[in-house]
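To start, the structure under review is shown below, and the notes come after it.
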Amino acid sequence: MEANQADIDAGARALEAGSLVAFPTETVYGLGADAENPAAVAAIYAAKGRPQDHPVIVHVAPGASLDYWCADIPLEARQLADAFWPGPLTMILKRAANIPDAVSGGQDTVGIRCPSHPVAIRLLQAFKGGQGGVAAPSANKFGHVSPTTAQHVRDEFGIDSRIAAVLDGGQSEVGIESTIVDLSRLASHGPVLLRPGHISAEAIAAVIDQVPARPDAAAPRASGTLESHYAPHTPVAMQDTATLASTLERLHGAGRKVALIHYSPLPAVHAEVALPATPEGFAHALYAALRAMDGAGADLILVEAPPQDGAWLGVNDRLRRAAHGSSGIVHGLINNTPAF
């Protein structure tokens, strides 16, 4: 049942008291704390098992002042906020001197966004009268598949005294994390796309007249950009559509149980889920599918690789990170040899 205003007000009070609150956004569910309370932010890191140098994103209410959170704000940041907020865009900007570095992993930058989910907006408006910020990475153990329902959060953490409430807002509409664009080095590097998502580089370029570049070695650290991330416990591998049928036959012949995520007609396997063959539909359902297949008792989750065009960039990014380190897993399962 979706959280009502009494639930949301109680969640805001819990945040103000230094507790953690899980809440829905249009991308995934977040595990939130008062961004200006270093002890509360530290509790996020402890609950998730998150490395201390991995920054979190600050979520603010519509109309919140960028100037309170950020310094040296370029015009382009205000243009992007006007164009895409509330919505699934995170901007990396220089951190204002009054903001603790607990949210930035010790960097001089801060990631900030205004989510569009109505429950998230009402929570942010209730928290500190709409003037506060909620630091919130995804509400899952570090590196695991992000949650897109309240039940996913409950499954992930069980009973954890640090989490005062899990606000239910239904299934997240977008289904993968926000686009992250670095504007903290605009004069020297231009905009840099640190993490692709629902808002494309082309959409950003249409607003600020600059196409975001790919990340460079000196780019700020940002949420969800490690090579291995968004991963279920079961190994994940991707293969193109043309190869899948023969691979499935060989795995079946080797007595392997396969959980399949696909969008084309393919032979029956131990467990499977068919996703829409559109980037928006696939993204919306992807994490729920990975979680369901992770619980299917399979030796391997095999994913039909999506198309490689720009519209699928965010989905391919998440799948690549989920499958990182699993190269050779299919060969190993077929031939009964070590996969790694």
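Contact detail for P267 and L248: the closest heavy-atom pair is CD-CD1, 4.0 Å. Here the closest non-hydrogen pair linking H54 and S223 is NE2-CA, 3.9 Å. Closest of all the heavy-atom pairs between P100 and A35 is CG-O, 3.6 Å. Nearest heavy-atom pair, V273 versus A289, reported as atom, atom and distance to 0.1 Å: CG1-CB, 3.6 Å. Pairing each heavy atom of A61 with each of G130, the nearest pair is CB-O, 3.9 Å. A pairwise comparison of heavy atoms in E26 and G87 identifies OE2-C, 3.0 Å as the closest pair.
No side-chain heavy atom of P215 sits under 4.5 Å from any side-chain heavy atom of L193. Here the side chains of T149 and D168 are not in contact, with every heavy-atom distance at 4.5 Å or above. Using a 4.5 Å heavy-atom threshold, the side chains of H229 and F142 count as touching. Residues L183 and L80 form a side-chain contact, since some pair of their non-hydrogen atoms from C-beta on lies under 4.5 Å apart. Within the 4.5 Å cutoff, the side chain of K48 has heavy atoms near those of the L31 side chain. In this structure the side chain of K94 reaches within 4.5 angstrom of the side chain of D108, judged on heavy atoms. T109 is not listed as a side-chain neighbour of L93, based on a closest heavy-atom distance of 4.5 Å or more. Side-chain contact between I208 and P191: present, with at least one pair of heavy atoms (C-beta onward) separated by less than 4.5 Å.
A distance-only check finds a donor-acceptor pair linking the side chain of S65 to the backbone of D67 [under 3.5 Å]. Side-chain atoms of R291 come within 3.5 Å of backbone atoms of V145 as a donor-acceptor pair (strictly under, hydrogens ignored). Although no hydrogens or angles enter the test, the distance criterion places no donor-acceptor pair under 3.5 Å between the side chain of D9 and the main chain of A6. Of the possible polar contacts, none joining the H59 side chain to the I121 backbone as a donor-acceptor pair under 3.5 Å is found. Between the side chain of R95 and the backbone N or O of Q107, at least one donor-acceptor pair lies under 3.5 Å. A donor-acceptor distance shorter than 3.5 angstrom exists from the side chain of S200 to the backbone of A203, with no hydrogens or angles considered. Distance alone, capped at 3.5 Å, places no donor-acceptor pair between the D317 side chain and the P196 backbone. The main-chain N or O of A40 is found under 3.5 Å from a side-chain atom of N37 such that the two form a donor-acceptor pair. Listed for the D294 side chain is no donor-acceptor partner under 3.5 Å among the backbone atoms of L290. Proximity of a side-chain donor or acceptor of T25 to a complementary backbone N or O of T27 within less than 3.5 Å is detected.
Hydrophobic clustering (ILVMFWY, side-chain heavy atoms < 4.5 Å, transitive): M293 and V315 are in one cluster. With hydrophobic clusters built from ILVMFWY side chains whose heavy atoms lie under 4.5 angstrom apart, L15 shares a cluster with L167.
With no hydrogens or angles considered, a side-chain donor-acceptor pair links R122 and Q5 at under 3.5 Å. A side-chain N or O of T243 and one of D240 form a donor-acceptor pair less than 3.5 Å apart. Judged purely by distance below 3.5 Å, without hydrogens or angles, the side chains of E177 and S146 pair a donor atom with an acceptor atom. Under the 3.5 Å distance criterion, with hydrogens and angles disregarded, a donor-acceptor pair is assigned to the side chains of E304 and S264. A donor-acceptor contact closer than 3.5 angstrom is absent between the side chains of Y29 and E156. When only modelled atom types and interatomic distance are considered, R113 and T179 share no side-chain donor-acceptor pair under 3.5 Å.
The number of heavy atoms from other shown groups lying within 6.0 Å of CG (D72) does not exceed 12. Within a 6.0 Å sphere centred on NE2 of H252, heavy atoms belonging to other residues, nucleotides or ligands number 12 at most. Counting heavy atoms of neighbouring residues, nucleotides and ligands inside a 6.0 Å radius, atom CD of E2 exceeds 12 of them. For E173, the CD atom counts as loosely surrounded, since its 6.0 Å shell holds 12 or fewer non-hydrogen atoms of other residues, nucleotides or ligands. Around the CZ atom of R250, the shell of radius 6.0 Å holds no more than 12 heavy atoms that belong to other residues, nucleotides or ligands. Atom CD of E249 sits in a sparse spot, with 12 or fewer heavy atoms from other residues, nucleotides or ligands closer than 6.0 Å. Around NZ of K257, the count of heavy atoms belonging to other residues, nucleotides or ligands within 6.0 Å does not exceed 12. At most 12 non-hydrogen atoms from other residues, nucleotides or ligands lie less than 6.0 angstrom from NE2 of H198.
A cation-pi contact, defined as under 6.0 Å to the ring centre and within 45° of the axis, links R318 to Y230.
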Intermediate values then yes/no, side-chain contact (heavy atoms from CB on, under 4.5 Å), F127 and D34: CA-CA 9 Å; F127 176 60; D34 181 351; 3.6 Å; yes
For R78 and I73, what are the C-alpha separation, side-chain angles and deciding distance, and is it a side-chain contact (heavy atoms from CB on, under 4.5 Å)? CA-CA 8 Å; R78 301 188 193 278; I73 302 169; 3.7 Å; yes
Starting from the C-alpha separation in whole Å, work towards a yes-or-no answer on side-chain hydrogen bond (donor to acceptor under 3.5 Å, both in side chains) for T247 and Q239. CA-CA 9 Å; T247 295; Q239 288 196 342; 2.5 Å; yes
Starting from the C-alpha separation in whole Å, work towards a yes-or-no answer on side-chain hydrogen bond (donor to acceptor under 3.5 Å, both in side chains) for S104 and R221. CA-CA 9 Å; S104 63; R221 297 186 304 278; over 6 Å; no
In sequence, state the C-alpha distance, the side-chain angles, and the governing distance for D216 and R185, and then conclude on salt bridge (charged side-chain N to carboxylate O under 4.0 Å, His left out). CA-CA 11 Å; D216 56 282; R185 306 171 300 153; 2.8 Å; yes
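Taking the six-membered ring for Trp, Y287 and H152 have ring centres at least 6.0 Å apart. Ring-centre distance between H233 and H144: below the 6.0 Å cut-off.
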